[in-house]
Amino acid sequence: QVQLVESGGGLVQAGGSLRLSCAASGSIFSVDSMGWYRQAPGKQRDLVATITGGGFTNYADSVKGRFTISRDNAKKTVYLQMNNLKPEDTAVYYCNAELDVMGEPHTSFYWGQGTQVTVSS
């Protein structure tokens, strides 16, 4: 069974830092693009950052200069380093990955279960 398992969320004061991790596991041939999205209460799920298999990155304007996405291809893991956190960063953060899974004819996008990030003022 293919899974994306996130870790690293929690409660932090404004100005603090957190590092999120997301590891893909299961019968996976390869991992293409990976990314992080977030959803605050009552709002839609929005893109935070993505990274391609070749390492090209893309960020939401609201996190540029504060968040850094990276990946370890050997571990099938994506990271999100979040610095200078603000109360408006409070949300459930979801990992997303495009996976080439054994037995499937084409790649598919998978989601993690989400991890809560709360930033207090």
Side-chain angles (χ1 to χ4, degrees):
Q1 183 178 358
V2 174
Q3 291 186 87
L4 295 177
V5 179
E6 298 132 336
S7 60
L11 173 64
V12 65
Q13 288 188 333
S17 299
L18 285 174
R19 188 190 194 212
L20 305 183
S21 299
C22 172
S25 65
S27 301
I28 300 168
F29 278 125
S30 65
V31 183
D32 297 332
S33 65
M34 305 185 83
W36 291 93
Y37 292 72
R38 66 186 181 187
Q39 187 168 19
K43 296 189 177 181
Q44 66 181 19
R45 189 174 298 186
D46 291 325
L47 179 146
V48 176
T50 60
I51 184 168
T52 67
F56 290 100
T57 58
N58 179 53
Y59 295 92
D61 288 343
S62 59
V63 306
K64 284 180 180 176
R66 300 188 298 122
F67 291 10
T68 302
I69 189 170
S70 61
R71 62 190 287 168
D72 184 329
N73 291 330
K75 295 182 178 179
K76 300 184 179 67
T77 298
V78 63
Y79 306 96
L80 186 68
Q81 178 66 44
M82 304 185 293
N83 298 329
N84 189 21
L85 282 158
K86 303 176 180 180
E88 51 264 42
D89 294 318
T90 295
V92 177
Y93 283 70
Y94 295 91
C95 173
N96 176 267
E98 184 179 10
L99 305 177
D100 187 359
V101 177
M102 294 181 187
E104 295 188 0
H106 49 73
T107 61
S108 299
F109 286 93
Y110 288 79
W111 289 94
Q113 80 284 357
T115 185
Q116 178 70 46
V117 171
T118 303
V119 184
S120 62
S121 57

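Only this structure's heavy atoms are used, side chains among them; waters, hydrogens and symmetry mates stay out.
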Decide whether [X] and [Y] are clustered together by the hydrophobic rule: side chain heavy atoms of Ile, Leu, Val, Met, Phe, Trp, Tyr closer than 4.5 Å, transitively.
| X | Y | result |
| --- | --- | --- |
| L99 | Y37 | no |
| L18 | V92 | no |
| Y94 | L47 | yes |
| W36 | V119 | yes |
| Y79 | V12 | no |

Can you give me the closest heavy-atom contact between [X] and [Y], atom names plus distance?
| X | Y | result |
| --- | --- | --- |
| F29 | V101 | CD1-C, 4.2 Å |
| L80 | A49 | CD1-CB, 4.3 Å |
| R71 | D32 | NH1-O, 2.7 Å |
| E98 | T107 | OE2-OG1, 2.8 Å |
| T77 | A23 | OG1-CB, 3.6 Å |
| A24 | I28 | CB-CD1, 3.8 Å |

How long is the span from the [atom1] atom in [X] to the [atom2] atom in [Y], to the nearest 0.5 Å?
| X | Y | atom1 | atom2 | answer |
| --- | --- | --- | --- | --- |
| N96 | C22 | CG | SG | 8.5 Å |
| T50 | N58 | OG1 | CG | 4.5 Å |
| S108 | D100 | OG | CG | 9.0 Å |
| L85 | Q13 | CG | CD | 11.5 Å |

Handout entry: Contacts of type salt bridge (charged side-chain N to carboxylate O under 4.0 Å, His left out), residue K43, not counting sequence neighbours
Key = none
Exercise for the section: Could you tell me how the ring of F67 sits relative to the ring of Y93: parallel (under 30°), tilted (30 to 60°) or perpendicular (over 60°)? Expected result: tilted
Problem - Check against side chain to side chain contact (heavy atoms under 4.5 Å, CB included), D89 and M82 - result: CA-CA 10 Å; D89 294 318; M82 304 185 293; over 6 Å; no
Okay, side chain of [X], backbone of [Y]: is any donor-acceptor separation there less than 3.5 Å?
| X | Y | result |
| --- | --- | --- |
| T57 | I51 | no |
| E6 | Q113 | yes |
| Y59 | I69 | yes |

Practice task
Evaluate side chain to side chain donor-acceptor pair (under 3.5 Å) for S17 paired with N83, printing each intermediate quantity in order.
Solution key: CA-CA 4 Å; S17 299; N83 298 329; 2.9 Å; yes
Problem - From CA spacing to verdict: side chain to side chain contact (heavy atoms under 4.5 Å, CB included), R38, S62 - result: CA-CA 12 Å; R38 66 186 181 187; S62 59; 3.4 Å; yes
Practice task
Name all residues meeting the side chain to side chain contact (heavy atoms under 4.5 Å, CB included) criterion together with S27; count only those two or more places apart in sequence or in a different chain, and write none if there are none.
Solution key: M102
Problem - Pair Q116-T90, side chain to side chain contact (heavy atoms under 4.5 Å, CB included): steps then yes or no - result: CA-CA 8 Å; Q116 178 70 46; T90 295; 4.0 Å; yes
Problem - Min side-chain heavy-atom separation W111-C95 under 4.5 Å - result: no
Exercise for the section: Begin with the C-alpha distance, continue with both residues' side-chain angles, and end with the deciding distance and a verdict on side chain to side chain contact (heavy atoms under 4.5 Å, CB included) for V31 and V78. Expected result: CA-CA 10 Å; V31 183; V78 63; over 6 Å; no
